[in-house]
Amino acid sequence: MNIEGIVSAVRKALGNPEKPVLLHAPAFNGNEWKYVKECIDTGWVSSAGSYVTRFEQDLARFTGAKHAVVTVNGTAALHIALKLAGVQAGDEVLMPSLTFIATANATSYCGAIPHFCDVEVRTLGMDPGKLADYLKDIAVSRDEGVYNRLTQRRIAAVVPMHTFGHPVDLPSLLRLCQQYGIPLVEDAAESLGSYYDGTHTGRFGRLAILSFNGNKTLTTGGGGAIITDDAELGARAKHITTTAKLPHAWEFVHDEVGYNYRMPNINAALGCAQLEQLPAFLQRKRELATRYQEALAGMEGVSVFREPVNCRSNYWLNVLLLDQADLQMRDALLQGLNAAGLQSRPVWRPMHALSMYAACPRMDLSQTQCLASRIVNVPSSAFL
Ligand SMILES: *Cc1c(COP(=O)(O)O)cnc(C)c1O
């Protein structure tokens, strides 16, 4: 592998920049300032104001979901989505080991236990074929649900994640979930603007979540959303993310233990302005992905990851995929790219390799292990 050649190809795809380039930085070129200023001018910066409702409506329209509830961040959204899917203390939640920490942490917040699944190289997400074989082996159906016969714990949800914006094989996972009667909850934090067969990611599960963190395709500073087509779940999500307060002109009455997870109006204002530009962001991110593909075509030992078949990806973070699982080579490439001012990162350390999740149940994770030393993310901001 010719590290220098790859670094110069990445530089070329980025138009040979003179200044350092960040992995992913936000672009604020629309109505952000106007809408945020309006919040400040009117005093509606916090838990009331019209932008929250507007952002929720705009998100529902963009994704095609019937209901959207915006939250302080994506992790909080996932916590509530899991709770609403019925995840309880002592349950297990099936998820990829190759994910950002939020997927496992939100499960822990429910008192539940992450159960790690392998991924496939085709999508970088959960492998439905391998999961089907695994469930055949470990799952037993009882009146109260599906149980893991090895741990005697209930399997309460399947939570795939759309890695770097690339949709997982949703139809196969959905079929499997329906077969076993396990709810599907999508961690679509990275995939706003990504579609499987024309349907927005997050529309296959009973519930899904999005993230608007500073490094995501669209940002509200910090923020997240729960999306669902189920009116009752949508209403429940709104209620428990807003302290479970009963509407009343002056009284403070709450009817259950709720959460203060509501997105402030000032962040929603930013979100409304960003969402207006999302189609343009997606267009530019696609063009950048094509430039990477062209610049690195024919390079030995490495390829640029492309969206899976039947999918349209938002290309949140572009992936250079090394042919070989070679940690030393990966680190040499990371070293070369970062030294050239091109901020690049490896994939997250897999969840099962972190101390607090090392004892969690898991299937064979050979593809996860392999991919963990093959992936390098390169600069992917929408304005590049
Ligand atoms: C960004 C992200 C989240 C949510 O993160 P927040 O920073 O809490 O918004 C959840 N899951 C995945 C896979 C993510 O990448």
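Every number for a ligand or one of its atoms is a count from 1 in the order of the listing. Fair warning: this is a prediction, and the values are worked out from it, not measured in the lab.
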Would you mind writing out a table of all protein N or O atoms found under 3.5 Å from any N or O atom of ligand 1, naming both atoms and giving the distance to 0.1 Å?
residue, atom, partner, partner atom, Å
ligand 1, 8 (O), Gly74, N, 3.3
ligand 1, 8 (O), Thr75, N, 2.9
ligand 1, 8 (O), Thr75, OG1, 2.5
ligand 1, 9 (O), Gly74, N, 2.8
ligand 1, 9 (O), Ser211, OG, 2.7
ligand 1, 11 (N), Asp187, OD1, 3.2
ligand 1, 11 (N), Asp187, OD2, 2.8
ligand 1, 15 (O), Glu190, OE2, 2.5
ligand 1, 15 (O), Lys216, NZ, 3.1

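A cation-pi contact, defined as under 6.0 Å to the ring centre and within 45° of the axis, links Arg142 to Tyr147.
Relative orientation of the Trp316 and His24 rings is tilted, given thresholds of 30° and 60° on the angle between their planes.
The hydrophobic cluster containing Tyr35, built from Ile/Leu/Val/Met/Phe/Trp/Tyr side-chain heavy atoms closer than 4.5 Å, also comprises Tyr51.
With sequence neighbours excluded, no residue forms a side-chain hydrogen bond (donor to acceptor under 3.5 Å, both in side chains) with Asn260. Take Glu287 and apply the side-chain hydrogen bond (donor to acceptor under 3.5 Å, both in side chains) test, not counting sequence neighbours, and it matches Gln283.
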Checklist entry - Given Arg203 and Glu186, is the salt bridge (charged side-chain N to carboxylate O under 4.0 Å, His left out) satisfied, shown in steps? => result CA-CA 8 Å; Arg203 305 258 353 270; Glu186 290 174 68; over 6 Å; no
